[in-house]
**Q** 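Shown below is the structure under consideration.
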Amino acid sequence: MIEFRNVSKVYSTGTEAVHNANFSIDKGEFAFLIGTSGSGKSTLIKLILKEEEPSDGNIIINGKDTTFLKRSRVPYLRRSMGIVFQDFRLLPDKTVYDNVAYAMYIVRATQRHIRRQVPMVLSLVGLSGKAKMYPHELSGGEQQRVALARALVNNPSMLIADEPTRKFRSRDCLGDNEFT
Ligand SMILES: Nc1ncnc2c1ncn2[C@@H]1O[C@H](COP(=O)(O)OP(=O)(O)OP(=O)(O)O)[C@@H](O)[C@H]1O
Ligand SMILES: [Mg+2]
């Protein structure tokens with residue numbers, strides 16, 4: 001599902017964040033990337049999302065080489081992924097419920113589907129009681145669980161989380177869902 005072939009990333013500053021990465025992750029597989037601060041973990045994830053371009057090599061997602069993927073197609077690539085960013089990227093002026101609902105709204109889910117799905121994922125991550133709160137009213141771990149709920153709400157075929165174990169154990173929340 002995700003394959004890196006000889007991928008390197010050198011930032012414009014000259015920092016080589018990823019050096020000749022080769023790996024593949026198949027459907028149903030759990031993969032963990034461990035490394036010290038600054039070793040290139042977030043960069044690798046940004047390459048998968050096509051938020052950054054590789055300086056060298058090829059990245060194949062669901063059988064398609066993303067090297068020549070048009071910018072306009074990137075949102076469609078990302079729809080197959082549930083993403084939890086290291087800095088969560090929650091919308092500060094929206095409630096917990098609306099942060100999650102918004103992810104469904106932008107993929108044009110029906111109101112009916114949104115009303116059914118959002119409470120279900122909030123319950124999955126243990127945040128049913130916090131639906132009306134704003135991000136700044138939550139603890140760091142709770143904010144991260146909102147980000148996880150948002151990543152899961154559209155039933156993505158892969159879940160990508162940057163630092164999922166920093167504030168809670170991801171397995172506590174994932175239940176029996178199958179992710180890459
Ligand atoms: N936009 C950028 N421009 C230039 N250099 C960058 C950029 N982003 C990251 N880097 C550098 O690339 C290297 C890898 O950074 P990255 O954020 O991928 O590390 P990380 O493994 O996620 O670290 P952490 O565990 O602290 O989150 C670091 O040396 C960092 O300074
Ligand atoms: Mg990082």
Side-chain angles (χ1 to χ4, degrees), residues 1-3 25-31 42 45-52 59-66 68-180:
M1 264 189 134
I2 303 175
E3 189 183 348
I25 304 170
D26 292 327
K27 190 172 164 60
E29 250 189 293
F30 271 87
S42 293
I45 286 175
K46 285 173 186 169
L47 290 169
I48 296 171
L49 312 179
K50 219 172 160 64
E51 200 173 297
E52 291 287 350
I59 298 168
I60 293 108
I61 310 275
N62 289 331
K64 284 203 188 108
D65 192 332
T66 62
F68 304 106
L69 192 71
K70 286 198 198 123
R71 278 278 123 209
S72 61
R73 302 302 299 173
V74 170
Y76 296 94
L77 170 78
R78 290 191 191 149
R79 276 184 201 180
S80 62
M81 306 170 177
I83 307 156
V84 184
F85 292 98
Q86 190 166 5
D87 55 2
F88 313 147
R89 301 193 193 176
L90 299 176
L91 301 164
D93 56 348
K94 286 194 189 295
T95 62
V96 166
Y97 182 97
D98 286 336
N99 262 278
V100 179
Y102 192 67
M104 295 189 74
Y105 171 76
I106 56 176
V107 298
R108 299 204 175 92
T110 61
Q111 279 302 327
R112 196 187 133 101
H113 191 201
I114 293 175
R115 277 198 298 270
R116 200 178 44 206
Q117 191 77 355
V118 175
M120 201 195 70
V121 284
L122 286 180
S123 146
L124 185 71
V125 301
L127 285 179
S128 295
K130 306 274 177 178
K132 292 189 175 138
M133 304 270 214
Y134 287 85
H136 74 269
E137 296 170 325
L138 304 175
S139 73
E142 287 170 339
Q143 289 178 30
Q144 191 175 33
R145 282 185 279 145
V146 178
L148 180 64
R150 184 180 58 184
L152 294 173
V153 78
N154 288 323
N155 286 318
S157 58
M158 45 190 126
L159 177 66
I160 298 165
D162 201 350
E163 306 280 357
T165 55
R166 190 161 273 179
K167 297 201 180 67
F168 67 95
R169 285 180 297 140
S170 53
R171 248 176 264 171
D172 292 348
C173 301
L174 290 179
D176 295 326
N177 287 316
E178 258 194 45
F179 296 99
T180 304

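Model, not experiment: these values are computed from the prediction.
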**Q** Are any side-chain N or O atoms of Thr95 and backbone N or O atoms of Asp98, one a donor and one an acceptor, separated by less than 3.5 Å?
**A**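 A pair under 3.5 Å: yes.
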**Q** In Å and rounded to the nearest 0.5 Å, what is the CG to CD distance from Asp26 to Glu3?
**A** 9.0 Å
**Q** Out of curiosity, Leu49 CG to Ile160 CD1, how far, rounded to the nearest 0.5 Å?
**A** 5.5 Å
**Q** For Leu127, run the side-chain contact (heavy atoms from CB on, under 4.5 Å) check against Val146, Val100, Val121 and tell me which one passes.
**A** Val146
**Q** Heavy atoms, side chains only, cut-off 4.5 Å: are Val118 and Met104 in contact?
**A**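 Side-chain contact under 4.5 Å: yes.
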**Q** Using a 4.5 Å cut-off on heavy atoms from C-beta on, say whether the side chain of Met158 contacts that of Asn62.
**A** yes
**Q** I need the minimum non-hydrogen distance between Gly82 and Pro156, along with the two atoms involved.
**A**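 In this case the closest contact between Gly82 and Pro156 is N-CB, 3.2 Å.
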**Q** Grab the two heavy atoms, one from Ile45 and one from Ala161, that are nearest each other, plus how far apart they are.
**A**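 Minimum heavy-atom separation between Ile45 and Ala161: CD1-O, 4.0 Å.
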**Q** Calculate, to the nearest 0.5 Å, the distance between atoms NZ and CZ belonging to Lys46 and Phe85 respectively.
**A**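 Result: 9.0 Å between the selected atoms.
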**Q** Among residues at least two apart in sequence or on other chains, which ones pass salt bridge (charged side-chain N to carboxylate O under 4.0 Å, His left out) with Arg79?
**A**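 By the salt bridge (charged side-chain N to carboxylate O under 4.0 Å, His left out) rule, Arg79 matches no residue at all.
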**Q** Do Leu148 and Leu159 make a side-chain contact, defined as non-hydrogen atoms from C-beta onward lying under 4.5 Å apart?
**A**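 Yes, close enough: below the 4.5 Å cut-off.
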**Q** With heavy-atom distances below 4.5 Å as the criterion, would you say the side chains of Glu137 and Glu142 are in contact?
**A** no
**Q** Does some side-chain heavy atom of Met1 sit less than 4.5 Å from a side-chain heavy atom of Ile25?
**A**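 No. Closest side-chain heavy atoms not under 4.5 Å.
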**Q** Search all heavy atoms of Pro92 against all heavy atoms of Tyr134 and return the closest pair with its distance.
**A**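 The answer is O-CD2, 3.8 Å.
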**Q** Look only at the side chain of Lys130 and the backbone of Val96, and say whether a donor-acceptor pair between them is shorter than 3.5 Å.
**A** no
**Q** If every non-hydrogen atom of Leu122 is compared with every non-hydrogen atom of Tyr97, which pair is closest and at what distance?
**A** CD1-CA, 4.3 Å
**Q** Holding to salt bridge (charged side-chain N to carboxylate O under 4.0 Å, His left out), I want the full list of residues that pass it with Glu51, two or more places apart in sequence or in another chain.
**A**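 Scan of Glu51 (salt bridge (charged side-chain N to carboxylate O under 4.0 Å, His left out), adjacent residues dropped) gives Arg89.
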**Q** Does the Ser157 side chain pair with the main chain of Ser80, one donor and one acceptor, at a distance under 3.5 Å?
**A**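 Side chain of Ser157 to backbone of Ser80, a donor-acceptor pair under 3.5 Å: yes, one is there.
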**Q** Who pairs with Arg112 by side-chain contact (heavy atoms from CB on, under 4.5 Å), at least two apart in sequence or on another chain?
**A** Thr110, Arg116
**Q** What's the spacing between Asp162 CG and Phe88 CZ if we round to 0.5 Å?
**A**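 Reported to 0.5 Å precision, the distance equals 10.0 Å.
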**Q** Nearest 0.5 Å please: distance from the NZ atom of Lys50 over to the CZ atom of Arg78.
**A** 9.5 Å
**Q** Atom CD1 of Ile59 and atom CG of Asp65: how far apart are they, to the nearest 0.5 Å?
**A** 8.5 Å
**Q** Of all the heavy-atom pairs spanning Asn154 and Ala103, show the shortest one and how long it is.
**A** ND2-O, 3.0 Å
**Q** How close do Pro135 and Asn99 get, heavy atom to heavy atom, and via which atoms?
**A** CG-ND2, 3.8 Å
**Q** Sub-3.5 Å donor-acceptor pair from the side chain of Gln117 to the main-chain atoms of Val153, do we have one?
**A** yes
